[in-house]
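In what follows, a structure is listed as structure tokens, so that the remarks can point back to it.
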Amino acid sequence: MTPSSLLATSAVRAAPALIGWRLRFRKQEAVIAETEAYQGLADRACHASKGRTPRTDVLFRESGTVYVYLCYGMHWMLNLVCDEIDEPAAVLIRGVEMPGSDPRRSNGPGKVTRQLGIDGKLNGTRLGEALELLPPLAPSPRLRRGPRVGVEYAGPRWSAKPWRWWRNGFPVVRPDLRPPPEQ
DNA sequence: CTCTAGATCTAT
DNA sequence: TAGATCTAGAGG
């Protein structure tokens with residue numbers, strides 16, 4: 001499994017598969033521990049549901065493109081673009097684990113980028129340039145899943161989708177969230 | 001041009 | 001539970 005084949009599929013399939021893969025940036029290494037999928041024009045939680053705009057353009061590009069945007073005026077969100085060209089989809093990196101670092105320093109999307117020193121300059125670059133994606137070193141961990149965080153604005157149909165995954169035992173923020181009864 | 005909401009985090 | 005901080009996108 002190569003980084004390109006991993007991402008050349010829907011975000012809903014790529015997001016759980018990415019857990020355990022490693023990100024390398026400026027000599028730092030981080031193991032992906034929590035992800036969320038944003039899939040397609042129909043997904044009201046996905047920025048691309050607003051259409052192709054200057055901001056969402058990167059989502060329509062080739063898988064392996066890096067999408068970074070500023071949230072709440074102060075937090076950078078790191079995403080990896082998935083799926084085919086012109087099919088907007090991305091996985092949000094919500095949590096990582098770094099050797100010798102308290103995981104509570106990197107268990108949220110804003111914390112991830114702050115910890116690694118990632119900002120908007122990475123937006124539109126491709127994996128392999130500044131940011132690298134490397135295969136797991138350990139066997140696939142057991143995963144847990146639940147609804148995405150902070151997307152209530154998308155309406156109940158989309159905010160209830162259990163499109164968030166994390167490594168069992170990872171100290172996720174908002175552990176109060178439970179998977180919906182059915183989807 | 002103005003206005004508003006937002007894929008969050010931290011301290012209170 | 002509120003405040004920080006700022007920009008894309010929508011509306012006039």
Side-chain angles (χ1 to χ4, degrees), chain A residues 7 10-19 21 23 30 32-61 63 65-83 87-98 101-125 131 133 143-167 170-180 183:
Chain A
L7 298 173
S10 76
V12 175
R13 286 201 292 197
L18 274 166
I19 308 288
W21 282 66
L23 291 171
I32 298 174
E34 185 185 3
T35 57
E36 248 171 26
Y38 289 85
Q39 181 65 48
L41 292 165
D43 177 5
R44 305 292 282 167
C46 180
H47 290 158
S49 67
K50 300 292 183 188
R52 193 164 189 159
T53 67
R55 182 210 213 181
T56 66
D57 186 70
V58 295
L59 288 168
F60 293 78
R61 298 187 201 167
S63 63
T65 300
V66 179
Y67 172 44
V68 180
Y69 72 93
L70 186 62
C71 186
Y72 292 101
M74 62 195 81
H75 302 293
W76 295 104
M77 304 280 117
L78 171 64
N79 298 256
L80 306 180
V81 173
C82 299
D83 220 321
E87 177 60 33
V91 172
L92 171 67
I93 306 301
R94 288 196 57 92
V96 300
E97 296 180 286
M98 299 176 68
S101 174
D102 186 337
R104 288 169 301 184
R105 289 277 77 195
S106 55
N107 63 343
K111 296 181 186 178
V112 167
T113 54
R114 192 156 63 95
Q115 186 81 356
L116 287 168
I118 286 171
D119 63 23
K121 290 193 292 292
L122 269 193
N123 190 43
T125 63
L131 181 67
L133 181 64
L143 300 188
R144 314 223 336 118
R145 77 186 294 192
R148 294 178 292 183
V149 177
V151 295
E152 291 75 22
Y153 62 85
R157 175 177 169 194
W158 294 101
S159 63
K161 298 263 186 205
W163 286 359
R164 171 193 182 209
W165 290 264
W166 64 93
R167 194 211 89 211
F170 186 67
V172 292
V173 171
R174 299 185 59 178
D176 53 302
L177 291 179
R178 291 286 174 272
Q183 174 44 49

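Computed from a predicted structure; not experimentally measured.
Residues satisfying the salt bridge (Lys or Arg N to Asp or Glu O under 4.0 Å) test with A:R61, not counting sequence neighbours, are A:D57. Qualifying salt bridge (Lys or Arg N to Asp or Glu O under 4.0 Å) partners for A:D43, counting only residues two or more places apart in sequence or in other chains: A:R148. Contacts of A:R104 classified as salt bridge (Lys or Arg N to Asp or Glu O under 4.0 Å), with partners at least two apart in sequence or in another chain: A:D102. Listed by chain and residue number, A:K111 satisfy the side-chain hydrogen bond (donor to acceptor under 3.5 Å, both in side chains) test with A:N107 (two or more places apart in sequence, or in another chain). A search for side-chain hydrogen bond (donor to acceptor under 3.5 Å, both in side chains) contacts involving A:R55 returns nothing, not counting sequence neighbours.
No side-chain heavy atom of A:R114 sits under 4.5 Å from any side-chain heavy atom of A:H75.
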Sort me out a list of protein N/O and nucleotides 3-5 of chain C N/O pairs below 3.5 Å, or just none if empty.
residue: C:dT5; atom: O2; partner: A:Y72; partner atom: O; Å: 2.4

Would you tabulate the pairs of protein nitrogen or oxygen atoms and nucleotide nitrogen or oxygen atoms of nucleotides 2-4 of chain B closer than 3.5 angstrom?
none

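Annotation for A:W166 and A:G146: closest pair CZ3-N, 3.7 Å, computed over non-hydrogen atoms.
Near DNA chain B, meaning a heavy atom under 4.0 Å away, the residues from residues 42-49 of chain A are A:A45, A:H47. Heavy-atom distances under 4.0 Å link DNA chain B to A:R105, A:G108, A:P109, A:G110, A:K111, A:R114 of residues 102-123 of chain A, given in residue order.
For the P atoms, the distance from C:dT1 to B:dA7 is 22 Å, rounded to whole Å.
OP1 or OP2 of C:dA8 has not a single side-chain nitrogen or oxygen of A:T53 nearer than 4.0 Å.
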Tell me which donor-acceptor pairs under 3.5 Å the side chains of residues 89-97 of chain A have, and how far apart each pair is, sequence neighbours excluded?
residue: A:R94; atom: NE; partner: A:E34; partner atom: OE2; Å: 3.2
residue: A:E97; atom: OE1; partner: A:R167; partner atom: NH1; Å: 2.7
residue: A:E97; atom: OE2; partner: A:R167; partner atom: NH1; Å: 2.6

Can I get a per-line list of side-chain donor-acceptor pairs under 3.5 Å for residues 65-74 of chain A, giving both atom names and the distance, sequence neighbours left out?
residue: A:T65; atom: OG1; partner: A:E62; partner atom: O; Å: 2.7
residue: A:Y67; atom: OH; partner: A:H47; partner atom: ND1; Å: 2.6

| task | Return one dot-bracket line describing DNA chain B 5' to 3' (Watson-Crick or G-U wobble pairs, both distances under 3.5 Å; ( ) same strand, [ ] crossing, | another strand, . none). | result | ||||||.||||.
